[in-house]
Structure formats: C-alpha cells, structure tokens
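Letters go in sequence order (proteins before strands), and every chain restarts at 1. Reckoned from all heavy atoms, side chains included, excluding hydrogens, waters and symmetry mates.
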Protein chains: 2
Amino acid sequence: MHSRRNSVEHISTARRSCDNCCTRKYCLVSRIDERLTPGLSKAMRHPRILARGERLFIQGDKFYSIYLVRSGTFKSYIIDDTGDRQITGFHFAADILGLDGVQSGRHGLEIEALETSSVCVVPFCKLEQDFGQNQSGLYRYLIGAASGAAYQQSYLLMLLGRLHAAQRLASFLLDISRKMGERGGSESEFHLTMPRYDIANYLGMAVETVSRLFKRFEKQNLIKVERRHLKIIDRDGLLDTLSSDHRFSALRNTA
Amino acid sequence: MHSRRNSVEHISTARRSCDNCCTRKYCLVSRIDERLTPGLSKAMRHPRILARGERLFIQGDKFYSIYLVRSGTFKSYIIDDTGDRQITGFHFAADILGLDGVQSGRHGLEIEALETSSVCVVPFCKLEQDFGQNQSGLYRYLIGAASGAAYQQSYLLMLLGRLHAAQRLASFLLDISRKMGERGGSESEFHLTMPRYDIANYLGMAVETVSRLFKRFEKQNLIKVERRHLKIIDRDGLLDTLSSDHRFSALRNTA
DNA sequence: CGAATCGTTGACGTCCGTCAAACTACGTGG
DNA sequence: CCACGTAGTTTGACGGACGTCAACGATTCG
C-alpha cells in the first residue's frame, strides 16, 4: 500500500521498525530477549516486500529463514508430480511462515502473495545461536516433527480435495505399504489393523464405496484382499490408477 | 502380541528397555544426551500398554507428555461440536504422538489404539529442563506454531471430508471473518484478496460451485457480495447452514 | 481498443452417498 | 457345542449433489 521508499525511511533500527509494526502485540519477536540476539535485530532491519503474485519461496528451496507477516495476505500450496496445486492455507498479518522447512532443510510448500505484502525475515540460524548448545538439535527435531505432521496433513488435503475415490484409496494403500516397508515389514503383504469404517472416514467417503473399490481393485488384479489381510499384486497398476485423470483437471496459474 | 508380563520382565532400566526396542534407530530418545537428563530415563522406565479401543488421551486432556510408539498402531481424530469424528492420521512404530498439545497446553485431538500397542511416555517438562533457561519459551512457541499449523490442517480435513459444499463455504467465510476481527478489522465487512479460483481449490470444489453458492447465500440474505467485497449480514444464518446435516451422518464408535 | 483474467449462468451427466438387506466372523452365555 | 447378538463387510437399487462443458459478462491493463 505505501511505497517501499517510505517504509525504508521509517526504519533506522529493528526496534524502531517493530515499534511501528501493527502486529507488534502478537509477534514472535516480542518473545526474543534483545540482549541475547545482537545479530538478529540487524538481520531484521529490512522487511521484504512482495508484489501480488510474487513468491516468498518455492517448493524445494533451501530453508534459511522463517517469516512473519507484517501486512497483506498470502496463500500456501503444494504441487504434485503432475503440476496440480492444492492450496493449504491463507495467511494474514502476524502469521508465521516457513516452518515447513525445518525438518528436511528444504521447503515442502510454496507461498505466494495475494496482494502487495510485507514480511519480516528471521534467519533461523540466528535464532538457534541463542538456544545454547545443549539439546538445540533436539528442539529442532521436535519442531521438525510438528511441522512434518502439518505437511502430512496438507498432503492428505490434496487427496481429499483433488482425487476421485479410487485414487484416494490407491494412494492410501501405497502409503501404508511404504510405511510397513520402512518399519521392516513386507511392502507387498500386510495386515490392515483398522476397520473399513475408519478407512472410509479417513479418506472422506462411505464405507460401501471402500468395499466396492476393494472389489474393483481385486477384479483388476491390482490387489488381493480378504477381510483385513491385504496383498499388493500390481504396484504399478495402483500407481497408474493414482495418476489417472483427477478432478478439477483445469490447469491454471502456471507462472 | 506378546504379553505384558513378558515385556515388564525385560525392562530393568530405560537403557535396557531401549536396547530391546525395535524402533531404536529412528527414535527421539537417541537424540537426548543421557547425562543431561537424570530424571528422564527413570520416567521412561515403564512403557504404557494399551488394549484395542483404549485411548492414549482425549480431546481437552491436559498436555503433560509426548509419546513414542513402540509397537502396534493408532488412529488420531478430532471431534466436532455435533460429536462427529474425522480421522486425521494412522500411526505406526517410531511415530511421535501428542505434540498437538504443546501450544495450548491441552490436546486438540484424540488418539486410540487399533490393536494392543505400547508407547514410551516422555514427560515434556523433563525435556524442557534440559533446554536451559534462555529462550526455551521461544522454542516452545515455535513448536506450538508448527503443531498449531498441523491442527489447522486437520480442521480443514474435517471440512473437506465431512461437509457439503455449502457448509464448507460458510465455514470458510466465518473463518476469514474471525481472522479479520482478530487483526483489528471489521468482522462483518471486508475484502477477499483471493480469486474465486483459489477459494474453490482450497475448499475442494469447482469455481462454478463457489459462484453459485455465493449467489444462493445472497438470496437467503446471509451475505452481500460484489466481486471481492463481502458483507456478512446474518452470521447466525451462516452458522445454521454450517451445522445442518452433513455427509456420513451415521454415528459410530460412541464409546 | 483488444487481450487476458476473472466471474457468472445454464444444461447435462455421473460419481458416489444413501438406504435397505443379507452375509460373515466372532464372542458370550446357556 | 449351539443359539444368539453384535460389529464388520458386502451387495444392489436409486437419486441427488456437484463437476464438466460451453458461452457469455465484467474488469483490468497494456
């Protein structure tokens, strides 16, 4: 709204900058003891300004900083292999952006300004300096776990929002299969511990649909299922099912 | 699978316990320096065992500990005002459970064992003792922010999985309205910064449906909308729309 | 003034949710 | 061991919510 030139003139120190900030009372920075963070205020001196359509970071970007929304609005979204997008949230003043990168060191989603907006840039390494040496790795791990959970949910959102029932179930089976493999079991044959009803609820469909799809997959020779015992016969076939046309196929915003 | 009696006999100290644990190589505990945490190993000596259907914690429970899955499987879910449930995830060995409680101090979701399962109990206060005094509040805040994001996503899952298009849009509008209010704007009249296409994508429906619903809400005198300018006329009416019958109305598992 | 982006409106078809009923597996008590 | 109840799963018939397609306004911008 106001020009960048004006903003810069107002800011002589980060403290000054914060004093003028309308999100002051909710802000993360107010929780940081200024004495402990000599480098931080300097790093935060210049807010970053984004025009409409500009992206704060994109999927795969290396993770350096977290961001505090000063003004404007943002959308975050994930992009799947086929280029389709699922918006996972809208963000307003005082929201924290970028924590999704803590776990892997790379951003798992993408954030774009919906109008001219500004953020404070908080370098994560500066934050970590103040945590003291002991156990800071642990803390980072916990943040990663929490934001990893958020990412996992975003992914599920993508399933529910964009895929047909058959694709959702295929994705679910492949997901379980992978997890069983990671934990030392067989990837192709395992026991489903949850009832059909839970699967249906999780995937946002009716129990009857789950039942019918299991049968259909069996007829297509993709799986063999008896009660809760499941055997994956044709993994590639399931992948094909997953990647077949999905809902809202219209592409857009392919900037 | 093996009896509780056997497990207990094997455990003489937490270290012994961990040595026997098949999730050892992925586990959070391996990241904790034993010298720094005299109380922790003692606290973790006895894993907690849950029978099928038993719950680790329920929505609203006070947050004390996080949990590491040793064996078995769990489901997590949230419950809305009407008692309906949305499953938000299935959890296997080595998963971390309970971080959803860090932010508010209470658990926002509920976790139930799908079969006989066991978890290690890690009291969060013991962890925090080791973080040192400086800035541990900040770290906690960041974990809270990350897990808050996960919870937010779970909530959206509930929308996509269980509600009709009209209810999703009503919920979206009320949500935006609240956020605008929290940030000092008007709750009843504001500017939508995102295009219809983004709203549709976010809520998992077609653009045309969004458009038609806006019109319908207008005819019902719930809102007044012109392009991106929105005015909420009848908040209670929107709430009624939201709470009207939704999909998968069949209740279950009302233990 | 075109071109592009965004939003609206109508007609049509289908995926999948709803309802109803039968079948199974499993546990419990007589 | 069998009768019985319950919870879980399957199957079929039916219909409505909503996605798809197509075309037309409205707005912005170079």
Kindly say if A/Ser211 contacts the phosphate of D/dT9, meaning a side-chain N or O under 4.0 Å from OP1 or OP2.
no
Rounded to whole Å, CG of A/Leu213 lies from P of D/dT11 at a distance of 12 Å
Rounded to whole angstroms, how far apart are CE on A/Met194 and P on D/dG8?
14 Å
Which residue lies more 5' along DNA chain C, comparing A/Arg227 with A/Thr209 via nearest heavy atoms
A/Thr209
Could you tell me the separation between the OH atom of A/Tyr197 and the P atom of D/dT6, rounded to a whole number of Å?
19 Å
Distance-only polar pair, side chains of B/Glu187 and B/Ser177, donor-acceptor under 3.5 Å
no
Less than 4.5 Å apart, side chain to side chain, heavy atoms only: is that true for A/Asp95 and B/Arg183?
yes
Length of the CZ-P vector between A/Arg247 and C/dG13, whole Å:
20 Å
A/Arg216 or A/Arg52, whichever maps to the more 5' nucleotide of DNA chain C:
A/Arg52
Taking the six-membered ring for Trp and the single ring otherwise, decide whether the centroids of A/Tyr202 and B/Phe90 are under 6.0 Å apart.
yes
Distance-only polar pair, side chains of A/Ser154 and A/Thr88, donor-acceptor under 3.5 Å
no
So what does B/Arg228 touch, heavy atoms closer than 4.0 Å: a base, only the sugar-phosphate, or nothing?
sugar-phosphate
Of A/Lys215 and A/His164, the one whose nearest nucleotide on DNA chain D sits closer to the 5' end is A/Lys215
Give the rounded distance in Å between these two atoms: CG of A/Leu163 and P of C/dC15.
15 Å
Taking CD from B/Glu208 and P from D/dC21, how many angstroms apart are they, rounded to a whole number?
10 Å
Does a donor on one side chain and an acceptor on the other come within less than 3.5 Å for B/Ser118 and B/Ser71?
yes
Integer-rounded Å distance: C/dT5 P and A/Glu115 CD:
21 Å
Taking the side chain of B/Pro195 as its heavy atoms from C-beta onward, which of D/dG8, D/dT20, C/dC6 lies nearest to it?
C/dC6
Starting at atom NE2 of A/His246, determine the distance to atom P of D/dT20, rounded to an integer number of angstrom.
11 Å
Classify the side chain of B/Arg212 and the base of D/dT20 as holding, or not holding, a donor-acceptor pair under 3.5 Å.
yes
